[in-house]
There are 2 protein chains.
Amino acid sequence: MGSVEEERPDGVGSIAHRVPDLGALELLLAVARLGSLGAAARELGITQPAASSRIRSMERQLGVALVDRSPRGSRLTDAGALVTDWAGRIVEAARAFDAGAQALRDRRDSRLRVAASMTIAEYLLPGWLLALRAGRPDTAVSLLAGNSAAVAERLLTGEADLGFVEGLDAPSGLDSAVIAHDRLVVVVAPVHPWARRRRPLDASELASTPLILREKGSGTRQVLDTALGGLARPLIELSSTTAVKAAAVSGAGPAVLSELAVGEELALRRLVAVPVDGVSLARDLRAVWPAGHRPTGPARELLTLTRG
Amino acid sequence: MGSVEEERPDGVGSIAHRVPDLGALELLLAVARLGSLGAAARELGITQPAASSRIRSMERQLGVALVDRSPRGSRLTDAGALVTDWAGRIVEAARAFDAGAQALRDRRDSRLRVAASMTIAEYLLPGWLLALRAGRPDTAVSLLAGNSAAVAERLLTGEADLGFVEGLDAPSGLDSAVIAHDRLVVVVAPVHPWARRRRPLDASELASTPLILREKGSGTRQVLDTALGGLARPLIELSSTTAVKAAAVSGAGPAVLSELAVGEELALRRLVAVPVDGVSLARDLRAVWPAGHRPTGPARELLTLTRG
DNA sequence: ATGGGGGCATAAGCTGGGCTTATGGGGAGC
DNA sequence: GCTCCCCATAAGCCCAGCTTATGCCCCCAT
């Protein structure tokens, strides 16, 4: 009201200006945990005035009082407790990001070299890396992402210690253990006619409908092509899972994705799963390693984590 | 190696310096979606050089090439696709944060005033608000968090249109619909002796063990006290779910929390659930409204979302 | 072949947010 | 009453990120 600014209809567009940055959120979490601005500042290696000012500017930005200050410490307000919890989820995602990014970078002198398919690297590995870091903080992990064949090759040439692939059968020359199951799902935006569909799609219907797909060569695409007999018709081909999801959410058409990739979207009903019949879209997720060389050390540790 | 910096053992402490800020992550997502730095820049309302420089500094920070630039556009590298997906999850959490924060602030002239218990406000409402915003972008929602009694009062005095509470029975004077089920769980860090325990805990054992708890008066605490006959022994009392989780994860002792609150921690094995027997820790999550006044308009919309 | 447009990079300069140091006031405990 | 631990304010510094102004490259259409 009264501000000209952009022509954005408030709620669309850059969220970064409306959400405090990660440093501020971490600070808030520290304040919640430690009960004082000064203590939180010390933990983060900044000075108390810096913490004080940062919390205050966060309160100004959000328009809500977050902490009750007193000469004996600071406690969260009710709103502050909520905000802090929401902040925790952002920070959690950031930690997963960091764990993954570090593995992408560490290529040198890593004690554990992992090769994984895209889907697994995207959705499962960061969590595993976090858990591993919790138990073995000094284990440097490197990550190479590629398709099943690339993973197998890395293992056989000794460039990787442990691999993860999705698919119906284990690559030859490798031992494997099934660690989880996955399934491709057909998803549409809630506004799409298929969202209300009860009668399952069959193979021919799926094959004759233009779909939003990953490009040829991706594991997801291969499974679908195989299931349909090489007939999947692309509406558009996109280069990343994220792009496919975004297109589907925006209503461009039906997409086919791993259920790992759309779990959250389904929960939030940004996407709706369409029942499918007569098409085998299931696949296993496997840990793989060179035949006869049971994983030891950090690799064994990681393998244990993945099976729980 | 070679840098003095902090005495932090790399992996501990402030994550904010190792993770690009939200603006950069949003930019990366836009680049992935639109296929060009310039187009992404336009969408975010910045200039092309700004986008170029920001992506470049993000690549420098992460030590990984994210996009392949060409005179005809930019595409993600393999590593970039991974990073973009991980970034998407941070941004998603940020959107939930924003939706929640906006509801905390909007107190005035909101078309839908919601009152909710802490647990529901923390874990479920942001997702609902996002979904609501997707369908009805112009619905201003305000959120008041409080215990069941407070929620009931807000509804009865007309200060709120729709409420959400957790508990065994619906407050009197209100109509209600069960929208989900919840259960308190006993959780410990993986290093805690109870983490390997097979034999379920019984009520007396739980009552005689000092626990990390929310403070008296919180809904979670009340359910536990009731289940144990008012006997829960606090090891420490903390003011927020986040603080309780952090204490439990750090191994301070067993904590009792809603399973909604610890879902992610259990999945990542940062916490382990301890089996419990002979203590009724289940509770319903209910939508509530003044008796006889079925929700209409935006309230009905939201109610539909919660049952999906 | 040639000009235009879309794509990206580099350079120079400005601004503001977030940091620091320095200082002051308020409550609790020995 | 002295001391310690809170927090707030003020003044100044610095760098990250933005903008404007260029230039190069490639493709395509005229």
Side-chain angles (χ1 to χ4, degrees), chain A residues 3 5-6 8 13-62 65-77 80 87 239, chain B residues 3 5-6 8 13-62 65-77 80 87 239:
Chain A
S3 108
E5 236 176 46
E6 316 288 320
R8 308 186 175 294
S14 178
I15 220 169
H17 306 300
R18 271 174 293 147
V19 176
D21 63 54
L22 285 170
L25 299 178
E26 268 192 293
L27 175 61
L28 180 61
L29 290 173
V31 170
R33 184 157 32 82
L34 300 172
S36 115
L37 296 186
R42 278 193 298 281
E43 185 177 81
L44 298 187
I46 62 176
T47 59
Q48 171 266 318
S52 175
S53 132
R54 212 159 185 196
I55 294 283
R56 187 169 297 282
S57 74
M58 181 159 39
E59 289 177 314
R60 204 159 3 96
Q61 180 183 18
L62 299 178
L66 299 175
V67 303
D68 271 335
R69 296 137 171 97
S70 88
R72 306 174 41 204
S74 293
R75 282 175 44 81
L76 294 175
T77 61
S239 57
Chain B
S3 109
E5 242 179 39
E6 315 289 319
R8 304 187 181 295
S14 177
I15 221 169
H17 306 300
R18 271 174 294 145
V19 176
D21 63 54
L22 285 169
L25 300 178
E26 269 192 293
L27 175 60
L28 179 62
L29 291 173
V31 171
R33 185 156 34 81
L34 300 173
S36 115
L37 296 187
R42 279 193 298 280
E43 186 177 80
L44 298 187
I46 62 177
T47 60
Q48 172 267 318
S52 174
S53 134
R54 213 162 184 192
I55 294 282
R56 187 168 297 282
S57 76
M58 182 159 42
E59 290 178 314
R60 205 158 3 95
Q61 179 183 19
L62 299 178
L66 299 175
V67 305
D68 271 336
R69 297 140 173 90
S70 88
R72 307 174 41 207
S74 293
R75 280 176 45 82
L76 294 176
T77 63
S239 57

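Naming convention: chains lettered A, B, ... in sequence-line order (proteins, then strands); numbering from 1 in each chain.
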Minimum-distance nucleotide (side-chain atoms of B:R42 versus C:dA9, D:dA10, C:dG7): C:dG7
Looking only at side-chain atoms of B:D21, point me to the closest of C:dG27, D:dC27, D:dG17. D:dG17
Separation of atom CD in A:E59 from atom C1' in D:dA8, rounded to whole Å: 13 Å
Check B:L62 against B:R18 and note the closest heavy-atom contact, atom names and distance. CD2-O, 3.9 Å
Using a heavy-atom cut-off of under 4.0 Å over every strand shown, decide if A:D68 touches base, sugar-phosphate, or nothing. nothing
Between atom CG in A:L34 and atom P in D:dC7, what is the gap in whole Å? 11 Å
Nearest to the B:S57 side chain among D:dG17, D:dA8, C:dG18, which nucleotide is it? D:dG17
Answer yes or no: does a side-chain N or O of A:R54 lie under 4.0 Å from OP1 or OP2 of C:dC19? yes
Nearest-nucleotide wise, let me know which of B:Q48 and B:S53 is further upstream toward the 5' end of DNA chain D. B:S53
Just to confirm, is there a sub-4.0 Å distance from OP1 or OP2 of C:dC8 to any side-chain nitrogen or oxygen of B:S52? no
side-chain N/O A:R69 vs D:dC6 OP1/OP2, d < 4.0 Å: no
Just the rounded figure in Å: distance from C1' of C:dG18 to CE of A:M58. 13 Å
If you check every side-chain atom of A:S36, which of D:dT20, D:dC26, D:dC6 has the closest atom? D:dC6
Can you name the nearest heavy-atom pair linking B:P20 to A:L22, along with the distance? O-CD1, 4.0 Å
Less than 4.5 Å apart, any side-chain heavy atom of A:S74 and any of A:D68? no
Atom NE2 of B:H17 and atom P of D:dA16: how far apart are they, to the nearest Å? 12 Å
Quick check on C:dA9: is either OP1 or OP2 less than 4.0 Å from any side-chain nitrogen or oxygen of B:R56? yes
Apply side chain to side chain contact (heavy atoms under 4.5 Å, CB included) to residues B:I55 and B:V67 and explain how you reach the verdict. CA-CA 8 Å; B:I55 294 282; B:V67 305; 4.1 Å; yes
Provide, to the nearest angstrom, the distance between the CZ atom belonging to B:R60 and the C1' atom belonging to D:dC15. 13 Å
Regarding B:S70, tell me which of base, sugar-phosphate or nothing describes its non-hydrogen contacts under 4.0 Å with the strands shown. sugar-phosphate
Reckon A:S74 touches a base, only the sugar-phosphate, or nothing at all at heavy-atom distances under 4.0 Å? sugar-phosphate
Let's see if you can work this out: which of D:dA21, D:dT9, D:dC7 has an atom nearest to the side-chain heavy atoms of A:L37? D:dC7
Mind calculating the distance between CD (A:Q61) and P (C:dG17) to the nearest angstrom? 11 Å
Atom-pair distance (CG on B:L66; P on C:dC8), nearest Å: 14 Å
Side chain to side chain contact (heavy atoms under 4.5 Å, CB included) for B:R56 and B:R69? Distances and angles first, verdict last. CA-CA 11 Å; B:R56 187 168 297 282; B:R69 297 140 173 90; 3.5 Å; yes
Under 4.0 Å between any heavy atoms, over every strand shown, what does B:T47 touch: base, sugar-phosphate, or nothing? Just pick one. base
Mind checking whether B:I15 and A:E26 have side chains closer than 4.5 Å, heavy atoms only? yes
Between D:dC18, C:dG26, D:dA8, spot the one nearest the side chain of B:I46, thanks. D:dC18
May I have the distance from A:R72 (atom CZ) to C:dG29 (atom P), rounded to whole angstrom? 7 Å
Let me spell it out: for each of B:P71 and A:A51, pick the nucleotide of DNA chain C with the closest heavy atom. Which residue's pick is nearer the 5' end? B:P71
